[in-house]
Amino acid sequence: MTKAGKYEAFFFPTKEGLLKIHAYGFNPTGSWGEVYATLNEDTICVKGFNRHKTIKRRYDLCQRI
């Protein structure tokens, strides 16, 4: 998978496994971006304009699964 622009990766150990969060875009500030989160074999994508809110929304969705 190749994406142009800013890319960030976060890895968090949880009781259920390793939570991997990949954020693309959000550059310049105010432009849209995508956040992919993987927990075990489940992957969810969330799109938004605010990087912090989009990552938090994605993290909250992972906690519900």
Side-chain angles (χ1 to χ4, degrees):
M1 177 189 313
T2 315
K3 295 277 184 176
K6 191 174 181 181
Y7 169 80
E8 295 176 295
F10 305 99
F11 301 94
F12 300 103
T14 64
K15 293 179 183 178
E16 293 81 22
L18 185 64
L19 175 62
K20 302 172 190 173
I21 298 178
H22 302 279
Y24 303 95
F26 303 107
N27 195 15
T29 303
S31 64
W32 74 276
E34 298 175 310
V35 176
Y36 291 89
T38 304
L39 182 61
N40 299 324
E41 297 297 320
D42 299 325
T43 302
I44 299 176
C45 175
V46 175
K47 294 181 181 181
F49 288 98
N50 186 302
R51 185 175 69 88
H52 295 289
K53 287 182 181 179
T54 305
I55 291 173
K56 183 173 179 352
R57 187 172 65 216
R58 178 60 204 109
Y59 178 76
D60 291 342
L61 284 174
C62 266
Q63 294 301 318
R64 293 183 198 159
I65 293 177

Separation between OH of Y36 and CD1 of I44, rounded to the nearest 0.5 Å: 12.5 Å
Distance-minimising heavy-atom pair for I21 and A37: CG1-CB, 4.1 Å
Y7 OH to Y24 OH distance, which is reported to the nearest 0.5 Å: 4.5 Å
Criterion side chain to side chain contact (heavy atoms under 4.5 Å, CB included) against L19, the qualifying member of F11, F12, F10: F12
For E16 against L39, the heavy-atom pair lying closest together: CB-CD2, 4.3 Å
